[in-house]
Amino acid sequence: MTKKVRVRFAPSPTGPLHIGGVRTALFNYLFAKKHGGDFVLRIEDTDQNRFVEGAEEYIIESLEWCGIPFDEGVGKDGGFGPYRQSERKHLYKQYADQLIEKGHAYYAFDTAEALDGHRRDHEAKGKTFIYNWHNRLKLTNSLSLSAEEVTAKLDAGEPYVIRYKSPQDETLHLKDIVRGDVKIDTNILDDKVLFKSDGMPTYHLANIIDDHLMEITHVIRGEEWLPSLALHYLLYRSFEWEAPQFAHLPLILKPTGKGKLSKRDGAKFGFPVFPKEWHDDKEDQLYMGFKEEGYFPDALINFLVFLGWNPGTEQEIFSLEQLVQDFELERINKAGARFDIKKADWFNQQYMQLKSRESIAIAFRESQAELADIDIHYIEMVVDLIKERASFTKDLWNLSHFFFVAPTEYDAKAQKKALKEGTGDILNKLVEIINATEDYSVESLQTNIKGWITSNEIGFGKVMQPLRFALAGALSGPDLFQIMFMIGKQETIKRIQKVLGML
């Protein structure tokens, strides 16, 4: 019987969730949903020194806002809890002891000072110090000491760590869904610490035990964990457990394409690299968030999935349901994906067009104090006229303010271009025509004004430019006759007369 697919996203609460982490969560979510499996959120908080207050809540809220909620995790027990590693620490020591009993791990009593001395000595000789098969018997550990000496040290409460005993002279052939076959010479591996002197496991040990106990079938994580693949595979082998399948995602690169995208890049280039705003108390700095900058969560998801995944077609706009249907780990690229904020803006603009006018109108009214008392149906009509020129809700006011309030400032270049000799006579005539238009509709206004322009053989620009300038304070915007109809006869005449007073 095939095992149920179970994947996990396991961030550390050491700060806000970086956009690379969101992408990892997304790829896990899509894979789980495609195969009818479970998406588990596990909080890896074994490093208490780096723990940041509020980070765990931030991670959960960010995933919810992005629309990629977890099925199981903190606050959603699926029978495999607890889901914080700090609450599971009673589990790990017995497994570390098992490895020692089987001969796959050992106690190491080397002091930090002694290890520093070895490192400095190696550096002086132009070498790198690696604690493994070639020197472990010369160091202070349970492999080099007698059983009596080890017992005496343990009984005396001497600090120790538990190290993994990496095998010698072996070539590992590992499989990665994204990378293909990975070959590792075990002679280059160091004997990693599995259990620290403070009684807490390292990431490597806790991660393997938790994945096994939580029945994780696929580990989908960032490329930075690829160097740990050999150790993790060896730990599964040492425990005689079936290893999950691994897939290592490509890096998200800086906009220049050189180096990994960092939070500093967001601050430097003026774009968000976090899903939600985050205030760093240590640095006293506020980092931008995609949410606060006005990105739609579904547009962000669509943008993120293309940072590493390729559908194999020309299609770019995918709903979450379509992504679940089409997503395959085998279609993930090995090469790093360049972060291009302009592409994120483009996706947002596409999603702006797909949103209902009702939802945009509600968001627009909530974002603009001047609209608090304006009828929502009127705002919807305005949205219909301008949304194709907007990428964000925050763009809407600049594109439409003249539908709600008369211009108080006029564009100087537009004024020079629109107001010329003879403009006063044209505007006065327009007031006459507008006053005489009884059926005040877009069609009637268009027929009457265009009819007058044609019969008098006046250039359209000579009339339309000053009229638009009077109504909008600038020379760009939606259909003029729509503006006139929307703001009404009285307001239209009032605005024209105001410009007549300027001439």
Side-chain angles (χ1 to χ4, degrees), residues 16-17 19 22 54 57-58 60-69 266-267 269-279 285-304 317 319-320 341-411 471-474 476-479 482-483 485-488 491 495:
L17 180 60
I19 210 66
V22 178
E57 293 78 6
Y58 177 96
I60 293 169
E61 287 166 13
S62 294
L63 293 177
E64 293 288 343
W65 176 74
C66 288
I68 44 176
F269 295 109
F271 57 71
V273 293
F274 298 121
K276 294 174 70 218
E277 218 168 58
W278 174 264
H279 186 268
Q285 179 161 351
L286 185 69
Y287 287 99
M288 299 158 77
F290 276 92
K291 180 185 178 185
E292 290 76 12
E293 288 303 302
Y295 290 85
F296 300 116
D298 42 5
L300 176 60
I301 289 303
N302 204 152
F303 165 65
L304 281 181
I317 304 299
S319 67
L320 195 59
I341 197 67
K342 287 193 171 69
K343 193 67 180 177
D345 295 350
W346 179 84
F347 272 109
N348 216 63
Q349 202 259 345
Q350 299 303 304
Y351 274 79
M352 175 71 93
Q353 310 320 310
L354 296 171
K355 300 280 176 199
S356 69
R357 69 179 199 169
E358 293 85 358
S359 65
I360 296 174
I362 290 165
F364 185 24
R365 184 160 73 174
E366 285 172 359
S367 71
Q368 205 67 40
E370 293 89 340
L371 304 183
D373 301 322
I374 304 287
D375 180 72
I376 196 71
H377 300 296
Y378 181 80
I379 299 173
E380 284 174 20
M381 289 166 72
V382 172
V383 163
D384 258 354
L385 295 171
I386 60 163
K387 77 169 184 174
E388 67 181 35
R389 296 172 61 218
S391 294
F392 297 90
T393 307
K394 62 186 176 187
D395 298 339
L396 296 173
W397 180 250
N398 279 340
L399 293 169
S400 69
H401 57 88
F402 45 82
F403 281 106
F404 306 102
V405 290
T408 52
E409 292 176 6
Y410 295 85
D411 183 272
L471 301 183
S476 60
D479 182 78
Q482 289 279 5
I483 298 172
F485 168 70
M486 296 277 286
I487 65 175
E491 181 62 22
R495 292 187 191 184

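One-based numbering along the sequence shown. Heavy-atom basis, side chains included; hydrogens, waters and symmetry copies ignored. Quick caveat, the model's predicted, so the values are computed rather than measured.
- A parallel orientation is assigned to the rings of F271 and F269, their planes being inclined by less than 30° (bins at 30° and 60°).
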Q) Under the side chain to side chain contact (heavy atoms under 4.5 Å, CB included) criterion, do D345 and F392 qualify, and how do the steps go? A) CA-CA 8 Å; D345 295 350; F392 297 90; 3.4 Å; yes

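- Proximity of V383 to S400: side-chain heavy atoms (C-beta onward) are nowhere separated by under 4.5 Å.
- Here the side chain of N348 pairs a donor or acceptor atom with the backbone of S391 at under 3.5 angstrom.
- Other residues, nucleotides and ligands contribute only 12 or fewer heavy atoms inside 6.0 Å of the CD atom of E388.
- Residues L17 and F274 fail the side-chain proximity criterion, which asks for heavy atoms closer than 4.5 Å.
- Scanning both residues, P275 and C66, for their nearest heavy atoms gives CB-SG, 4.2 Å.
- Around OH of Y351, the count of heavy atoms belonging to other residues, nucleotides or ligands within 6.0 Å exceeds 12.
- A donor-acceptor contact shorter than 3.5 Å links the side chain of Q353 to the backbone of Q349.
- Looking at every heavy atom in both residues, E370 comes nearest to I374 through O-CG1, 3.9 Å.
- With E380 contributing its side chain and E358 its backbone, the two residues share no donor-acceptor pair below 3.5 Å.
- Between Y295 and F347, a ring centre-to-centre spacing not shorter than 6.0 Å is recorded.
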Q | Audit row: W397, L371, side chain to side chain contact (heavy atoms under 4.5 Å, CB included) steps and yes/no | A | CA-CA 10 Å; W397 180 250; L371 304 183; 3.8 Å; yes

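- A donor-acceptor distance shorter than 3.5 angstrom exists from the side chain of R495 to the backbone of L471, with no hydrogens or angles considered.
- At distances below 3.5 Å, not a single donor-acceptor pair connects side-chain atoms of S359 with backbone N or O atoms of K355.
- Within the 4.5 Å cutoff, the side chain of K394 has heavy atoms near those of the E293 side chain.
- With rounding to the nearest 0.5 angstrom, the OH atom of Y287 is 11.5 Å from the CH2 atom of W278.
- You'll find the side chain of R389 reaches within 4.5 Å of the side chain of P478, heavy atoms only.
- Inter-residue side-chain proximity for F290 and W65 is flagged as met; some heavy-atom pair is nearer than 4.5 Å.
- Taking both residues in full, the closest heavy atoms of M486 and L385 are given as CG-CD1, 4.4 Å, listed atom of the first, atom of the second, then distance.
- Between V22 and I68, the closest side-chain pair of non-hydrogen atoms falls below 4.5 Å.
- A ring pair (Phe, Tyr, Trp, His ring centres under 6.0 Å) with Y378 holds for exactly one of F404, F485, F403; it is F404.
- Side chain of N398 to backbone of D395: no donor-acceptor contact under 3.5 angstrom is found.
- Side chain of N302 to backbone of D298: no donor-acceptor contact under 3.5 angstrom is found.
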Q) Checking side chain to side chain contact (heavy atoms under 4.5 Å, CB included) for the pair L354/I317: CA distance, chi angles, key distance, verdict? A) CA-CA 10 Å; L354 296 171; I317 304 299; 3.9 Å; yes

(Q) side chain to side chain contact (heavy atoms under 4.5 Å, CB included), that's the test. Do E277 and K291 meet it? Break it down for me. (A) CA-CA 7 Å; E277 218 168 58; K291 180 185 178 185; over 6 Å; no

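- A salt bridge links K276 with E61: at least one charged nitrogen is closer than 4.0 Å to a carboxylate oxygen.
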